[in-house]
Amino acid sequence: MLIKNHLADLVKQAIAAAQNANALPAFPMPDVFVERPQKKEWGDFATSAPLKLARDAKRAPLQIAQAIAAHVPSDETVAKVEASAPGFVNFTLSDAWLARQVDAILAAGARFGDLEPPRRLNIQVEHVSVNPTGPMHVGSGRNGAIGDTLANVLEAAGHRVHREFYINDNGSQVRHLGESVFARYAQALGKDEKFPDDGYQGAYVIEMGKQFAQEHTDKFLQMPRAQAVRELGALGMKIVLQQLRATLEKMNVRFDNWFSERSLYTGGTFDTVFKVLQAKGLVVEKDGAVWFAAQELGEEKDAVLIRSPQVIADPDARPTYLASDIAYVWNKVAVRKFDRAIYVWGADHHGDVPRVLAAARALGLDPARVAILIYQFVTLKRGGETVKMSKRTGEFVTLDELLEEVGPDAVRFMLITQSANATIDFDLDVAVKHSDENPVYYVQYAHARIASILKKAIESGVSSEDGDVSLLTHPAELELIRAMLRLQEVVELAANKLEPHHLPHYAIDLAGIFHSFYKQCRVVSSDPADAAISRARLKLVAAAKNTLVRTLNLIGVTAPETM
RNA sequence: GUCCUCGUAGCUCAAUUGGAUAGAGCGUUGCCCUGCGAAGGCAAAGGCUGUGGGUUCGAGUCCCGCCGAGGACACCA
């Protein structure tokens, strides 16, 4: 159980006890929240409950705080309870209890920081899901960093998590890719084929054209053009998907499943949801197209589900992305029965959120089971100027290039450190030049330092065996323990609010507190008189390493032994 | 024009259901390595939280107006 929840219980007990003793008047038991105060003088935890109770209790807040403080039952975790103006109750944790937590952290090992949720949920995190038409750009990298870290955190919070990449293999983008590959392929064979105006101009398409010309000679020129475009598009997409997978793995992003959009049609899911919507009168035909009557559900306007034959000749290509999205949400929630389906979408899709949620409602799905996390864009700057990015023109900095220049750990850390709803301004010159000063190295350095201490201890024949943690009484030692114990709260916060950015901030804090401890407290000592404290501190340092490793793993970056 | 996100130290960003004197990193200035990794520590300077109102015991956080940045408003995805 989280300490703050335990303390909240103590506060409730104190309120009841104070009421029994007539120190407080009768009023219904409120919800009590305990939080971290800003100042050390205010202890480890505080509650502002007295301020909130003032009205109901018809007493001055400070008076209520004093009554509560006086009736908090004694508890092994708490050393001091104080009422403080204007109406807080402050808790200071017991030094002895804190010291004991070092053994607890070591015992928890790789599972330290895990929570036990009231109910273990099946959660799907679908993220990245970039069109498989070319190399990833940095924005999609942000998507992957957010999605994967979130998935890690939800697992730590005690849930079962399924990571999925949604392959847009049914849209016009893939057709454009096929057209582009076809043109490059024909050109590679010396044919004067016009490159489509809206084609993908990147060099990777030229490469594919050459490759296919070599592998298949003129096979695709011998078949009907439409068929060749389709088959080359499929081949091209396969290659792009392999590249995407490779790029994502560099960033430590992996998926349990790669889900085909097309399968929503071939597998009959779309037909099913279409009939459900039809039965509810939410499907209308207009101007030759089939529309989703979103207005009936309070949305601003209707949206096309299936385009008219006049606009798109190929029947397979007529459904819009919205048609797929509706079938997909049904597949996630109704068919695969995920308790929660989390989407990670870029800001350019935020306008689609209400329609998907409306569709979920229309299909009788609980909208609370669907969460769509929107993140803002990443803008790159180089030489003081914004780097414009467009896949069509092929002018963009790829994620691969960034990973190459800056390094996977730094990229992932930077993409996750900022809250999703803030845009990221990424100065490439600075990122490359000052990469040594990236916060991720600050954290990793703390880890490497600990690894070095542990190595030194082995060389010096000092062991943590039988280390007595009750000897850990130095303020810097206790400060470090306090910092380690915050991990669970950070996991809870990040999981509840779907805000993975809290993790790197915590990691920086923890590393800083470790560095400060290191400066103040000698761990491995050659003085025989220090033998006992050395053993205890080795335990402390091992616990700190455990905590750093866990935090870095959650963020998805490595914890190097040496740097 | 309507909607979404954002505006906090010189720069990049935090700030846990609205809580106490708004915090880090980088940069700047000054200290600290002849015992565990100086990719480090300690200290200083730096703020009317874009702006004007409002809500209340209390607002960076909630509401309204204005200014500024990015995004969305297709039979594109």
Side-chain angles (χ1 to χ4, degrees), chain A residues 4 31 33 35-39 41-42 46-48 51-52 54-55 60-61 84-88 90 131 133 168 170-174 176 198 286-291 300-301 303-308 310-312 318 320-322 324 346-354 374-377 379 414 417-427 430 434 436-439 441-442 444-446 448-457 459-460 462 489-490 492-494 496-497 499 501-502 504-505 508-509 511-512 515-516 518-527 534 537 541 562-563:
Chain A
K4 62 173 182 172
D31 272 344
F33 296 98
E35 55 207 1
R36 294 273 184 178
Q38 288 178 11
K39 292 260 173 188
E41 303 93 88
W42 299 327
T47 180
S48 61
L51 286 163
K52 290 172 178 152
R55 189 165 301 169
S84 152
F88 293 90
N90 298 335
N131 278 325
T133 54
N168 296 107
N170 204 49
S172 61
Q173 304 292 336
V174 175
H176 287 312
D198 51 1
K286 197 166 58 187
D287 306 329
V290 178
W291 298 68
E300 266 183 43
K301 44 186 165 181
V304 172
L305 282 178
I306 301 174
R307 285 168 282 185
S308 65
Q310 292 79 32
V311 177
I312 294 282
R318 277 183 210 145
T320 61
Y321 69 94
L322 177 64
S324 302
D348 53 341
H349 286 89
H350 85 261
D352 303 325
V353 174
I374 299 293
Y375 66 91
Q376 300 298 314
F377 280 13
T379 54
M414 280 192 290
T417 302
Q418 281 165 57
S419 111
N421 39 23
T423 53
I424 294 183
D425 242 352
F426 203 120
D427 191 325
V430 174
H434 297 294
D436 280 359
E437 288 161 11
N438 189 293
Y441 299 110
Y442 180 79
Q444 289 180 325
Y445 181 70
R449 230 180 185 179
I450 295 173
S452 172
I453 293 172
L454 296 178
K455 212 173 101 194
K456 176 94 180 174
E459 286 164 8
S460 314
V462 183
E489 290 163 49
V490 174
E492 186 200 43
L493 176 68
N496 281 351
K497 301 187 79 177
E499 290 180 349
H501 74 272
H502 295 294
H505 288 280
I508 293 167
D509 274 356
H515 284 311
S516 179
Y518 172 86
K519 193 73 182 175
Q520 296 176 67
C521 299
R522 177 84 196 175
V523 178
V524 181
S525 171
S526 51
D527 186 341
S534 268
R537 282 180 178 163
V541 156
T562 60
M563 294 174 68

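Keep in mind that this is a model prediction, so the values were computed, not measured. No hydrogens, no waters, no symmetry mates; every other heavy atom, side chains included, goes into these values. Here is the naming used below: chain letters follow the sequence lines, and residue numbers restart at 1 for every chain.
B:G40 and B:C13 have their C1' atoms separated by 22 Å, with the value rounded to a whole Å. Spacing of P atoms, B:A20 relative to B:G60, comes out at 9 Å, to the nearest Å. Taking the P atom of each, B:C26 and B:A72 are spaced 36 Å apart, rounded to whole Å. B:A14 sits 10 Å from B:U8 when the P atoms are compared, rounded to a whole Å. Spacing between B:U51 and B:C67 at atom C1', rounded to whole Å, works out to 7 Å. Comparing the same atom, P, in B:G1 and in B:G47 gives a spacing of 36 Å after rounding to whole Å. Look at the P atom in both B:G68 and B:G23: the space between them is 32 Å, to the nearest Å. Atom C1' of B:U29 sits at a distance of 8 Å from the matching atom of B:A45, rounded to the whole Å.
Annotation: the span from A:Arg318 atom CZ to A:Asn170 atom CG amounts to 13.0 Å, rounded to 0.5 Å. A:Tyr445 OH to A:His515 NE2: the interatomic distance, rounded to the nearest 0.5 Å, is 7.0 Å. Atom CZ in A:Phe88 sits 7.5 Å away from atom CD in A:Glu35 (nearest 0.5 Å).
For the pair A:Arg36 (side chain) and A:Gln38 (backbone), a donor-acceptor distance under 3.5 Å is absent. The backbone N or O of A:Ala347 sits less than 3.5 Å from a side-chain atom of A:His350, completing a donor-acceptor pair. Remark: the backbone N or O of A:Ile306 is not paired with any side-chain donor or acceptor of A:Thr320 at under 3.5 angstrom. Side chain of A:Ser460 to backbone of A:Val462: no donor-acceptor contact under 3.5 angstrom is found.
Between the P atom of B:G41 and the NE2 atom of A:His515 lies a distance of 5 Å, rounded to the nearest Å. B:C73 atom P lies 9 Å from atom NZ of A:Lys301, rounded to whole Å. Distance OH (A:Tyr442) to P (B:A39): 13 Å, rounded to an integer number of Å. To the nearest angstrom, C1' of B:G37 lies 13 Å from CG of A:Leu454. A:Ile424 places its CD1 atom 18 Å from the P atom of B:U5, with the value rounded to the nearest Å. Rounded to whole angstrom, the span from the CG atom of A:Asp425 across to the P atom of B:C11 amounts to 12 Å. Atom CG in A:Asp509 sits about 9 Å away from atom C1' in B:A14, given to the nearest Å. In this structure, A:Ile374 atom CD1 and B:G70 atom P are separated by 19 Å, rounded to whole Å.
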Please test A:Thr423 against A:Thr379 for side chain to side chain contact (heavy atoms under 4.5 Å, CB included), starting from the C-alpha separation and ending with a verdict. CA-CA 8 Å; A:Thr423 53; A:Thr379 54; 5.8 Å; no
Would A:Ile374 and A:Asn421 count as a side chain to side chain contact (heavy atoms under 4.5 Å, CB included) here? Give the steps. CA-CA 7 Å; A:Ile374 299 293; A:Asn421 39 23; over 6 Å; no
With side chain to side chain contact (heavy atoms under 4.5 Å, CB included) as the test, would you mind laying out the steps for A:Leu454 and A:Ile450 before giving the verdict? CA-CA 6 Å; A:Leu454 296 178; A:Ile450 295 173; 4.1 Å; yes
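In this model, the phosphate group of B:C75 is not approached by any side-chain N or O of A:Arg318 to a distance below 4.0 Å at OP1 or OP2. In terms of phosphate contacts, A:His502 brings a side-chain nitrogen or oxygen within less than 4.0 Å of OP1 or OP2 of B:A15. Between A:Tyr445 and B:G25 there is no side-chain polar atom (N or O) within less than 4.0 angstrom of OP1 or OP2. Of the side-chain N and O atoms in A:Ser516, one or more sit less than 4.0 angstrom from OP1 or OP2 of B:C42. The phosphate of B:A14 (OP1 or OP2) has a side-chain N or O of A:Ser419 nearer than 4.0 angstrom. Under 4.0 angstrom from either OP1 or OP2 of B:A20 there lies at least one side-chain N or O belonging to A:Gln38. In this structure, A:Arg307 does not reach the B:A74 phosphate: none of its side-chain N or O atoms is under 4.0 Å from OP1 or OP2. An OP1 or OP2 oxygen of B:A77 is reached within less than 4.0 angstrom by no side-chain nitrogen or oxygen of A:Asn168. Between A:Gln418 and B:C13, a side-chain N or O to OP1/OP2 separation shorter than 4.0 Å is present.
Among the protein residues, A:Asn90 comes within range of the nucleic acid bases, having at least one heavy atom under 4.0 Å from a base atom. The residue A:Ala289 sits close to a base: some heavy atom pair falls under 4.0 Å. Residue contacts shown for A:Lys52 include a base, since a base heavy atom lies under 4.0 Å away. Among the protein residues, A:Asp287 comes within range of the nucleic acid bases, having at least one heavy atom under 4.0 Å from a base atom. Residue contacts shown for A:Thr423 are limited to sugar-phosphate atoms, with no base heavy atom under 4.0 Å away. Residue-level contact check: A:Leu51 touches the bases, meaning some heavy atom is under 4.0 Å from a base atom. Using a 4.0 Å heavy-atom cutoff across all strands shown, A:Ser452 reaches at least one base atom of the nucleic acid. Using a 4.0 Å heavy-atom distance criterion, A:Ala303 is classed as making no nucleic acid contact.
Side-chain N/O atoms of A:Thr417 and base N/O atoms of B:C13 include no donor-acceptor pair closer than 3.5 Å. One can find a donor-acceptor pair under 3.5 Å joining the base of B:G35 and the side-chain atoms of A:Ser525.
For the pair A:Ala46 and A:Ile306, nearest-nucleotide mapping onto RNA chain B gives the more 5' position to A:Ala46. Residue whose closest nucleotide on RNA chain B sits further toward the 5' end, between A:His501 and A:Ala85: A:His501.
A stacked arrangement is assigned to A:Trp42 and the six-membered base ring of B:A20, with a centre-to-centre distance below 5.5 Å and an interplanar angle below 30°. A:Phe88 qualifies as a stacking partner of the B:A20 base, centre to centre under 5.5 Å and near-parallel within 30°.
Residue A:Arg522 has its side chain nearest to B:C36 when only B:C76, B:C36, B:C6 are considered. Listed nucleotides B:A77, B:C32, B:G37 differ in distance to A:Lys519; the shortest reach to its side chain belongs to B:C32. Taking every side-chain heavy atom of A:Lys497 into account, B:U17 is the closest of B:A77, B:C75, B:U17. The side chain of A:Phe377 sits closest to B:G71 out of B:C42, B:C6, B:G71.
Across all strands shown, B:G35 has no partner, as no Watson-Crick or G-U wobble contact with both distances under 3.5 Å is found. When both distances must be under 3.5 Å, the Watson-Crick or G-U wobble mate of B:C11 is B:G25. Base-pair partner of B:G18: not found among the strands shown (Watson-Crick or G-U wobble, both distances under 3.5 Å). Pairing for B:C66 goes to B:G50, judged as Watson-Crick or G-U wobble with the two contacts each under 3.5 Å.
For B:C32, the glycosidic angle deviates from 0 by more than 90°, giving an anti base.
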